[in-house]
Amino acid sequence: MAIRDLLYICAECGREGGLKPAENGEVCDRCSTRYTRVDGALIRCEPPGKPERTLHPSEWVDLLARSDGFEVPDRAEPVILRTATTYRPLRIRGEYLGRVEQFGPPEEGTVELTPDALIIRTADRTDHWRLTALTAVQPSSTALQVKLRDGPLLSLKFPQGSALLWEERLRACLQACYSRLGRGTIIEFQPQILCR
Amino acid sequence: MSLIRKTNYRFLSWFIRNTWKAIGGLEVQGIENFPRHGPCIVIANHQSYLDPLLINAVTPRILHSMAKSTQFSGRFMGWWMPFIYTFPVRRYQTDPQAVRIVLRRLAAGEPVMIYVEGERTWDGRLQPPRLGTIRVLLKAGVPIIPVRIDGAYDVWPRWHRKIRPGRITIRFGPSIRFPRLDSRADREAVLAEARDRIVAALSGPLDHADSEPPDPIG
């Protein structure tokens, strides 16, 4: 995890997903603004030639929320995909506690979002999942997890991007898709997509 | 086995409590609000991975904690997590077995721990409680102990890998009591009110901030 997971938009130039790791923090690859974690969880922003600014993450989030909404990205994002197709029962001293996912090996690929579908390409296949087939969207530490109706649980890690950004994008796309189809407003994305 | 589990839990609690007191500082308030006997559900805000370690370490009774199922996936964690009284919940679909475990633990007179936000906060503020969790609280009808943890976010925010030791405060609030509601319709009728009471009990300084937002940069 890194600052770019939270600040997926450069507060200085508005570039989305442009923060890259650098010495002592992260730097926007367009305007060279440097972001570093300072006292506690405070984040310092140092734009070249301009005064630096240090804010709490909640303030940064409020600041960035005033930018325009989420757009469908025009490019595929590198992703590390893991798929859970099987489950293992979990017991302690004979008591059944539930079933736990068994993830397969990680696969490198790309993910692409269109107004109607989530497209995941790996070396040996392309999965084209309609958004209406998604039953839940949830972040999980460093990954975004997507559950498919009568299908597997997908875990998507974004080595160069932000899981939070993709969660927000996917939720916005799902909401737009549901609105187009007259299904109403989504009020919960997990444990299952629930509309009002 | 049971004695080994309990001894292991008590030793870990002692170790974590004293280690954090030494390296960062730990303050516990309102511990008298925690019931000495009987079932209860402990709810807390979730700031970092340290929360379950520290809250469990300062609570005088063994907490049976609900945790995301993916944490149990590995062979070791699949053994270790249940060993320390943790049980899984699948967050991407309704998980009736997790609810059964909650009710079973409560029926046995044990305290159960649930993080109502369902995940760690990204920006330090309290996130909306999950409606499914509130339904479980209403179904259970036992005292609810709100626990507010502060400082853990500054020590280890979700978006950063490094821990920077600092002072953490854990405050046990007065118990909240909802009547036990067996019918779904009854629970749905009071869902919004219950959510508001939980949010009020778990809110912290950032959640009450009414200051002007910062000026845009540039």
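All of these numbers come straight from a predicted model, not from anything done at the bench. Chain letters run A, B, ... following the sequence lines, proteins first and then strands; every chain starts at 1.
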Part of [X] lying under 4.5 Å from any heavy atom of chain A:
X	result
B:Thr86	backbone
B:Arg167	neither
B:Arg100	neither
B:Arg125	side chain

With only heavy atoms counted, which part of [X] is less than 4.5 Å from chain B, the side chain, the backbone, both or neither?
X	value
A:Arg88	side chain
A:Pro51	neither
A:Ile43	side chain
A:Tyr96	both
A:Leu97	both
A:Glu101	both

Salt-bridge test for [X] and [Y]: reply yes if a basic N is under 4.0 Å from a carboxylate O, no otherwise.
X	Y	value
B:Glu27	B:Arg171	no
A:Glu59	A:Arg53	no
B:Arg158	B:Glu119	yes
A:Asp116	A:Arg180	yes

> Given the options A:Leu90, A:Leu7, A:Val137, which has more heavy-atom pairs under 4.5 Å with chain B than any of the others?
Replying inline: A:Leu90
> Of A:Thr85, A:Thr86, A:Asp127, which is the lone residue that meets side chain to side chain contact (heavy atoms under 4.5 Å, CB included) with A:Pro152?
Replying inline: A:Thr85
With a 4.5 Å cut-off on heavy-atom pairs, point out which of [options] contacts chain A the most.
options	result
B:Gln97, B:Gln93, B:Arg164	B:Arg164
B:Gly78, B:Pro82, B:Gly132	B:Pro82
B:Phe72, B:Phe87, B:Trp156	B:Phe72
B:Ser73, B:Pro157, B:Pro88	B:Ser73

> Can you check side chain to side chain donor-acceptor pair (under 3.5 Å) on A:Thr142 and A:Lys157, steps first, answer last?
Replying inline: CA-CA 6 Å; A:Thr142 57; A:Lys157 282 195 177 184; 3.3 Å; yes
> For the side-chain hydrogen bond (donor to acceptor under 3.5 Å, both in side chains) test, which of A:Gln175, A:Glu167, A:Glu168 pairs with A:Arg171?
Replying inline: A:Glu167
>> Assess the residue pair B:Ser69 and B:Tyr92 against the criterion (side chain to side chain donor-acceptor pair (under 3.5 Å)); give the C-alpha distance rounded to whole Å, side-chain angles, the decisive distance to 0.1 Å, and a yes or no.
In response: CA-CA 10 Å; B:Ser69 55; B:Tyr92 50 85; 4.7 Å; no
>> Tell me whether the NZ or CZ atom of A:Arg4 lies within the 45° cone about the ring axis of A:Tyr35 and under 6.0 Å from its centre.
In response: no
>> In terms of relative ring orientation, are A:His56 and B:Tyr153 parallel, tilted or perpendicular, with 30° and 60° separating the classes?
In response: tilted
